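These notes concern the structure reproduced below.
Since the model is a prediction, treat every value here as computed from it, not as a measurement. In what follows, chains are A, B, ... by sequence order, proteins preceding strands, each numbered from 1.
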Amino acid sequence: MNSFKAPRGTRDILPEEVGIWQHIEEVAGKVFASYRYQEIRTPIFEVTELFARGIGETSDIVNKEMYTFADRKGRNLTLRPENTASVVRAVIEHGMLTKLPLRLYYAGPMFRYERPQAGRSRQFHQLGTEAIGSFAPGLDAEVITMVVHLLQDIGLSGLEVQINSVGCPECRGQYRQSLVDYFGQFKEDLCNDCQVRLERNPLRILDCKTAVCSGLKENAPPISDSLCQDCSSHLGEVTRHLKLFGIDYTRNPKLVRGLDYYTRTAFEVVDYGLGAQNAVAAGGRYDNLIEEMGGRPTPAIGFAAGCERLVLCLKERRSPATTTSVPDLLLAAVGLSSEEYPVKFLQELRRAGLSVLFDWEKRGLKAQLKLANRIGVKQALILGQDELDRQVATLKDMETGKQEEIDLVEIINKLTG
RNA sequence: GUGAGCGUAGCUCAGUUGGUUAGAGCGCUGGACUGUGGCUCCGGAGGUCGCGGGUUCGAAUCCCGUCGUUCACCCCA
């Protein structure tokens with residue numbers, strides 16, 4: 001048992017499944033284009049410091065989930081755990097902030113060193129967008145609308161959109177304090193993790209799923225009470241626009257984001273049929289990130305969807321958009337003294353755009369038909385010596401079993417016409 | 001990083017209180033049918049029972065370790 005396996009947390013996407021992935025990517029490309037987003041492709045790895053600064057030094061992602069390595073000259077590099085930091089870096093690096101507004105989308109693999117479980121792997125795929133250069137709340141609603149649009153077109157429905165505001169640095173500080181005040185009263189009752197969170201990141205207590213903490217957070221002050229005037233009216237405008245767009249949503253005052261760069265609007269799309277990792281797509285505003293990364297102050301909003309989770313959803317609803325490609329034709333050469341005709345026809349048929357199956361093993365007709373039948377080829381063109389002697393070939397319909405003889409000179413026209 | 005469940009053929013799984021040569025279905029392959037697929041019948045290949053150690057006369061089965069996997073915690077898309 002010395003054979004190789006894909007590394008832990010990675011997996012192969014086999015041909016039977018790849019159709020679903022292509023479907024998702026194709027739909028995403030169309031939907032993004034209709035909202036005028038353009039694709040950007042950034043490197044799979046970046047200087048480690050980029051993520052440390054972009055995502056946040058204190059986040060779990062940066063602290064314990066990154067694939068970080070030194071290259072042969074000792075540069076400290078990291079496989080991207082998400083793509084927003086890279087996109088922001090590219091935008092600043094190429095002076096694109098002078099050409100606002102920008103609308104960019106990406107799709108590709110991300111890497112996080114986590115314990116694998118349903119909907120979570122070490123190499124996973126995200127597709128997402130970044131809209132850079134506007135504070136307008138209508139844009140937030142448009143982004144959420146686009147996400148719903150995308151998920152619908154992919155073939156998903158019955159998902160729930162949750163929305164909240166995580167405020168700006170000022171009012172979030174206040175909210176943090178009011179949470180500390182509130183949970184501080186019950187410090188002894190909180191679970192061990194949350195006692196630590198009370199010091200380090202009290203907002204995360206709202207995410208806790210233990211029975212005690214869930215009970216306590218029922219009466220925790222909602223962030224809406226702490227939002228400043230601007231953040232509060234921003235959220236109101238976002239929801240007003242969502243109604244204009246006709247998007248159903250749920251206000252979830254306890255929704256918080258894991259990455260430090262988020263401000264104001266935060267949203268998530270969840271599928272309750274999915275297990276513990278049920279967020280299919282999520283995103284929000286990050287109005288301060290670009291400045292923090294060294295660009296001129298510029299607001300932005302984006303989202304990302306987890307492709308593996310989308311695939312799980314689609315399978316869950318057993319609506320597999322699997323389009324396994326089937327060859328149009330089997331070209332079966334049988335007992336020929338020369339390969340002149342089969343090779344000639346192979347080339348002509350393929351040049352004419354047909355997908356043609358050909359058996360170089362020169363097995364018997366039976367074996368060839370069996371193979372063609374198994375993979376669902378619709379027609380077989382049988383070239384045998386006695387046919388060639390009469391300048392004809394036999395065309396067999398694999399579904400009906402009917403056969404007819406065709407003149408060799410007619411074949412290409414007949415099959416491609 | 002923590003916890004629990006599971007590792008037997010390519011796949012899905014049987015395998016009795018530990019007992020001698022480890023099985024089935026599907027799939028693959030050959031034949032019946034010398035140049036005609038699907039259906040049927042008959043045959044064949046394919047396993048160091050995840051790996052390592054221990055207990056035992058004897059281990060797929062019991063024990064320990066390890067790796068893998070699944071789910072959950074954590075975190076997050």
Side-chain angles (χ1 to χ4, degrees), chain A residues 1-11 14 16 55 58-66 81-84 107-128 147 151 191-194 196-197 201 204 207-210 255-259 262 267-271 274-284 302-313 330 332-336 362-387 393-403:
Chain A
M1 192 53 82
N2 259 341
S3 54
F4 291 107
K5 288 180 178 170
R8 173 147 220 218
T10 70
R11 68 188 196 96
L14 300 177
E16 305 90 74
I55 299 170
T58 61
S59 68
D60 277 18
I61 293 180
V62 170
N63 280 304
K64 44 192 194 191
E65 294 180 1
M66 295 206 302
E82 56 100 51
N83 212 349
T84 299
M110 313 292 161
F111 306 85
R112 261 121 96 158
Y113 191 92
E114 301 184 276
R115 196 83 175 259
Q117 73 182 71
R120 191 173 79 182
S121 50
R122 291 183 173 178
Q123 175 174 173
F124 61 103
H125 298 76
Q126 288 188 334
L127 43 87
V147 174
L151 296 173
C191 71
N192 291 341
D193 285 339
C194 284
V196 178
R197 289 189 183 115
N201 197 346
R204 287 291 172 68
D207 270 342
C208 187
K209 285 159 190 148
T210 63
L255 175 66
V256 291
R257 307 272 61 223
L259 284 59
Y262 284 111
F267 65 93
E268 223 166 76
V269 183
V270 300
D271 173 2
L274 212 54
Q277 309 298 324
N278 62 2
V280 176
F303 91 97
C307 297
E308 279 78 2
R309 292 181 189 178
L310 295 176
V311 170
L312 282 175
C313 281
L330 163 71
V334 187
L336 296 184
K362 298 180 181 168
R363 293 183 296 174
L365 180 58
K366 179 179 174 137
Q368 296 194 41
L369 287 174
K370 202 169 176 174
L371 175 67
N373 184 63
R374 191 176 73 212
I375 58 185
V377 179
K378 298 160 205 86
Q379 289 183 302
L381 184 67
I382 302 164
L383 285 176
Q385 194 58 56
D386 53 318
E387 277 115 327
T394 301
L395 183 64
K396 180 184 178 82
D397 183 307
M398 293 298 285
E399 274 159 40
T400 63
K402 285 180 183 162
Q403 305 190 171

Check: Of the candidate nucleotides B:rA77, B:rC74, B:rU36, which contains the atom at the shortest distance from the side chain of A:Gln277?
Finding: B:rC74
Next item on the list: Return no unless some side-chain N or O of A:Gln117 is found under 4.0 Å from OP1 or OP2 of B:rA72.
Entry: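 True: A:Gln117 side-chain N/O within range (under 4.0 Å) of B:rA72 OP1/OP2.
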Check: Between A:Arg115 and B:rA72, does any side-chain N or O lie under 4.0 Å from OP1 or OP2?
Finding: no
Between [N] atom [atom2] and [X] atom [atom1], what is the distance in whole Å?
X        : N      : atom1 : atom2 : result
A:Leu312 : B:rU70 : CG    : C1'   : 13 Å
A:Arg8   : B:rU69 : CZ    : C1'   : 8 Å
A:Lys5   : B:rG68 : NZ    : P     : 8 Å
A:Gln379 : B:rG37 : CD    : C1'   : 15 Å

Note to self: Return the CG to CD1 distance between A:Leu395 and A:Ile382, rounded to the nearest 0.5 Å.
What the structure shows: 8.5 Å
Notebook entry, point to check: Would the number of heavy atoms belonging to other residues, nucleotides or ligands and lying under 6.0 Å from NZ of A:Lys362 be above 12?
Noted result: no
Next item on the list: Quick one: label A:Ala372 by what it contacts on the DNA or RNA (base, sugar-phosphate, nothing), any heavy atom closer than 4.0 Å.
Entry: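 Here A:Ala372 touches no strand at all.
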Note to self: By the 4.0 Å heavy-atom rule, please label A:Phe303 as base, sugar-phosphate, or nothing.
What the structure shows: nothing
Check: Between the base of B:rU36 and the side chain of A:Gln403, is there a donor-acceptor distance below 3.5 Å?
Finding: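 Between B:rU36 and A:Gln403, which were checked side chain against base, a qualifying N/O pair under 3.5 Å is present.
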N/O-N/O pairs, protein side and nucleotides 26-34 of chain B side, under 3.5 Å:
unit_1: B:rC28; atom_1: OP1; unit_2: A:Arg374; atom_2: NH1; d: 3.4

Checklist line | Separation between the C1' atoms of B:rA4 and B:rC76, rounded to whole Å | finding: 22 Å
Item checked: P spacing across the pair B:rU29 / B:rG37, given as an integer number of angstrom ->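 To the nearest whole Å, 14 Å.
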Item checked: Nearest atoms (heavy-atom pairs only) where A:Leu151 meets A:Leu310 ->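 Closest approach of A:Leu151 to A:Leu310: CD2-CD2, 3.4 Å.
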Notebook entry, point to check: Which heavy atom in A:Ala282 sits nearest to a heavy atom in A:Glu268, and how many Å separate them?
Noted result: CB-CG, 3.6 Å
Check: Any cation-pi pair here, A:Arg112 with A:Phe124, using under 6.0 Å and within 45°?
Finding: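 Relative to the ring axis of A:Phe124, which defines the angle, A:Arg112 lies outside at least one limit.
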